[in-house]
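In this chain, numbering begins with 1 at the start of the sequence shown.
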Amino acid sequence: MHITSSDAFINSCLTTIAHLIPVSAGVFYLVNQDLRPDHYILHGISDKTHQQYLNHFQQIDPLNPANFHQQDLNTVGMSPAAIANNRHYYHDFMLPNDMRDMTEIFIRQRKRIVAGVSLIRDTPFTELERG
């Protein structure tokens, strides 16, 4: 993959976020016209884990932007209900990859989700951190 100056800047932003909010990993992505994540920039996630996600789990990701485009939410997380309703995703993808919790931040332009950041932790986020 060709690294552009904007990719380098985004990677620097992910590193800064990881220092401000203790996270195990982070992913920035653009969202295409079909509301599908595209052009990922990974921080703290192996290419193998990312390929596993793309090949087997992306289509059942409960935090996928397409699930939230009609709502005004800018942050969503893996609540107990989300975990209970998405056991396959949580138990077969997240837990084996040492992901205990995830919070998604959506970046909107004229209400449309155009990008997102996944903040991933090996321990749960607190309510204060989610707030």
Kindly give the heavy-atom pair with the smallest separation between H69 and L35, and that separation in Å. CG-CD1, 3.3 Å

Distance-minimising heavy-atom pair for A25 and G44: CB-O, 3.5 Å

Side-chain heavy-atom pair [X], [Y] within 4.5 angstrom cut-off:
X   : Y    : result
P62 : M78  : yes
L63 : M102 : yes
Y89 : L95  : no
F93 : I60  : no
N74 : R108 : yes
V76 : E104 : yes
L42 : D47  : yes

Atom [atom1] in [X], atom [atom2] in [Y]: separation rounded to 0.5 Å?
X    : Y    : atom1 : atom2 : value
I45  : S118 : CD1   : OG    : 7.5 Å
H39  : Y29  : NE2   : OH    : 14.0 Å
I41  : H43  : CD1   : NE2   : 12.5 Å
R87  : M94  : CZ    : CE    : 13.0 Å
I113 : N67  : CD1   : CG    : 9.0 Å
S24  : I120 : OG    : CD1   : 8.0 Å

When the ring planes of Y40 and H50 are compared, do they come out parallel, tilted or perpendicular, using 30° and 60° as the limits? perpendicular

Distance only, no hydrogens: is a donor on one side chain within 3.5 Å (strictly under) of an acceptor on the other, for N64 and Q59? no

Pairing residues for F106 by the ring pair (Phe, Tyr, Trp, His ring centres under 6.0 Å) criterion, not counting sequence neighbours: F68

Any donor-acceptor pair under 3.5 Å linking the side chain of [X] with the backbone of [Y]?
X    : Y    : answer
Y90  : R100 : yes
D101 : F125 : yes
H91  : H88  : no

Salt bridge (Lys or Arg N to Asp or Glu O under 4.0 Å) partners for R36, two or more places apart: none

What residues form a salt bridge (Lys or Arg N to Asp or Glu O under 4.0 Å) with D61, not counting sequence neighbours? none

Show your reasoning for whether side-chain contact (heavy atoms from CB on, under 4.5 Å) applies to F57 and D92. CA-CA 9 Å; F57 295 98; D92 294 346; 3.9 Å; yes

Report the C-alpha separation of H56 and Q51 in whole Å, then their side-chain angles, then the decisive distance to 0.1 Å, and conclude whether the side-chain contact (heavy atoms from CB on, under 4.5 Å) test is met. CA-CA 8 Å; H56 304 290; Q51 271 313 124; over 6 Å; no

How far apart are the C-alpha atoms of D122 and D98, what are their side-chain angles, what is the distance that settles it, and do they pass the side-chain contact (heavy atoms from CB on, under 4.5 Å) test? CA-CA 6 Å; D122 56 4; D98 205 23; 3.8 Å; yes

